[in-house]
Amino acid sequence: MARQRASEYYLVDGYNVINAWPELIRLRGNLDEARDVLVHILTEYGAFENYEMTVVFDAFFTEDEEHALQITDRMRVIYTGAGETADSCIERLAYMAVRAGREVHVVTSDGAEQSVILGAGAYRITSPELRRSVKKAKKLMKAEYIGAHTQPLGRIEVHERLDRDTLARLEEMRRKK
């Protein structure tokens with residue numbers, strides 16, 4: 001199944017998703033693990049759907065500068081710098097990408113952020129909507145993998161694979177017993 005969506009770009013509010021998905025809410029006690037699990041899930045999803053993705057984590061109260069990690073050629077993680085929220089970083093990235101002619105999808109359940117994003121010309125996707133899309137893609141991935149890596153259920157008999165001469169010789173050997 002070929003996926004041609006090279007122009008689609010997803011900007012994801014990381015903590016918004018962590019606080020919305022049940023499997024990630026359970027990990028909030030260990031934010032490093034929750035972030036890693038989210039990035040893993042979205043890296044796999046983005047690769048399957050051929051989306052370019054950026055996950056933004058808010059580091060508003062840090063003294064550090066913004067830094068980005070390039071996970072794959074199509075997955076990037078940004079930790080905002082001192083004084084910048086994930087929302088403002090996402091807005092900045094969305095405006096730049098829309099101006100560059102990209103189809104931008106912003107994942108957040110924050111109502112105010114959704115309004116700003118729509119005004120910028122980007123599409124909005126709520127965190128639960130993304131979760132449903134990820135689950136659907138996982139089912140498709142599994143079905144495609146199983147379809148490509150399993151043998152037919154029907155039984156294949158040895159005689160179906162042998163030529164007539166070989167079958168005749170085997171039959172002769174069997175009768176000599």
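Note: hydrogens, waters and symmetry copies are ignored here, and every other heavy atom, side chains too, is used.
Glu66 pairs by the salt bridge (Lys or Arg N to Asp or Glu O under 4.0 Å) definition with Arg92, not counting sequence neighbours. Applying the ring pair (Phe, Tyr, Trp, His ring centres under 6.0 Å) rule to Tyr79 yields the partners Phe57, His67; only residues at least two apart in sequence or on another chain are considered.
Side-chain contact check for Glu129 versus Ser109: every heavy-atom pair is 4.5 Å or farther apart. Using a 4.5 Å cut-off on side-chain heavy atoms (C-beta onward), Thr108 and Thr126 make no contact. Residues Glu171 and Arg174 have side chains in contact (heavy-atom distance under 4.5 Å, counting atoms from C-beta outward). Side chains of Val56 and Thr80 form a contact here, defined as non-hydrogen atoms less than 4.5 Å apart. Residues Cys89 and Thr85 fail the side-chain proximity criterion, which asks for heavy atoms closer than 4.5 Å. The closest side-chain heavy-atom distance from Val55 to Ile71 is not below 4.5 Å. Looking at heavy atoms from C-beta onward, Glu52 lies in side-chain contact with Arg102 at the 4.5 angstrom threshold. Between Thr54 and Tyr9, some side-chain heavy-atom pair lies under the 4.5 Å cut-off.
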Verdict with supporting geometry, Asn50 and Glu8, side chain to side chain contact (heavy atoms under 4.5 Å, CB included): CA-CA 8 Å; Asn50 196 27; Glu8 290 189 48; over 6 Å; no
Begin from the C-alpha positions of Asn16 and Ser127 and carry the test side chain to side chain donor-acceptor pair (under 3.5 Å) through to its verdict. CA-CA 7 Å; Asn16 187 278; Ser127 296; 2.6 Å; yes
Is there a side chain to side chain contact (heavy atoms under 4.5 Å, CB included) between Phe48 and Leu140? Walk through the geometry before answering. CA-CA 9 Å; Phe48 182 73; Leu140 285 171; 3.8 Å; yes
Test Val106 against Ile125 for side chain to side chain contact (heavy atoms under 4.5 Å, CB included), laying out the working first. CA-CA 6 Å; Val106 174; Ile125 299 173; over 6 Å; no
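Contact between Val98 and Ala122 at its shortest, heavy atoms only, is CG2-N, 4.2 Å. The two residues Ala68 and Ile78 have their closest heavy-atom pair at CB-CG1, 4.0 Å.
Formation of a donor-acceptor pair under 3.5 Å by the Gln70 side chain with backbone atoms of Thr72 is found in this model. The backbone N or O of Ile41 lies less than 3.5 Å from no partner atom in the side chain of Glu44, so there is not a single donor-acceptor pair.
Rounded to the nearest 0.5 angstrom, Leu69 CG and Met75 CE are separated by 11.5 Å. Note that CZ of Arg28 and CZ of Arg26 are 11.5 Å apart. Values are rounded to the nearest 0.5 Å. Atom-to-atom distance recorded for Met141:CE and Tyr45:OH is 9.0 Å, nearest 0.5 angstrom. Between atom CD1 of residue Ile18 and atom CD of residue Glu23 there is a gap of 11.0 Å, rounded to the nearest 0.5 Å. Here CD1 of Ile25 is found 11.5 Å from CH2 of Trp21. Values are rounded to the nearest 0.5 Å. In this structure, CG on Asp13 lies 11.5 Å from CG on Leu130, to the nearest 0.5 angstrom.
One hydrophobic cluster holds both Val134 and Met53 under the rule that ILVMFWY side chains link at heavy-atom gaps under 4.5 Å. Transitive grouping of hydrophobic side chains (ILVMFWY, heavy atoms separated by less than 4.5 Å) brings Leu38 and Leu27 into a common cluster. Tyr15 is connected to Val37 through a chain of hydrophobic side-chain contacts under 4.5 Å among Ile, Leu, Val, Met, Phe, Trp and Tyr, so both are in one cluster.
Contact check on Arg175 versus Glu172 returns no salt bridge, with no Lys/Arg side-chain nitrogen under 4.0 Å from an Asp/Glu carboxylate oxygen.
A donor and an acceptor atom, one from each side chain of Glu91 and Ser88, are nowhere located under 3.5 Å apart.
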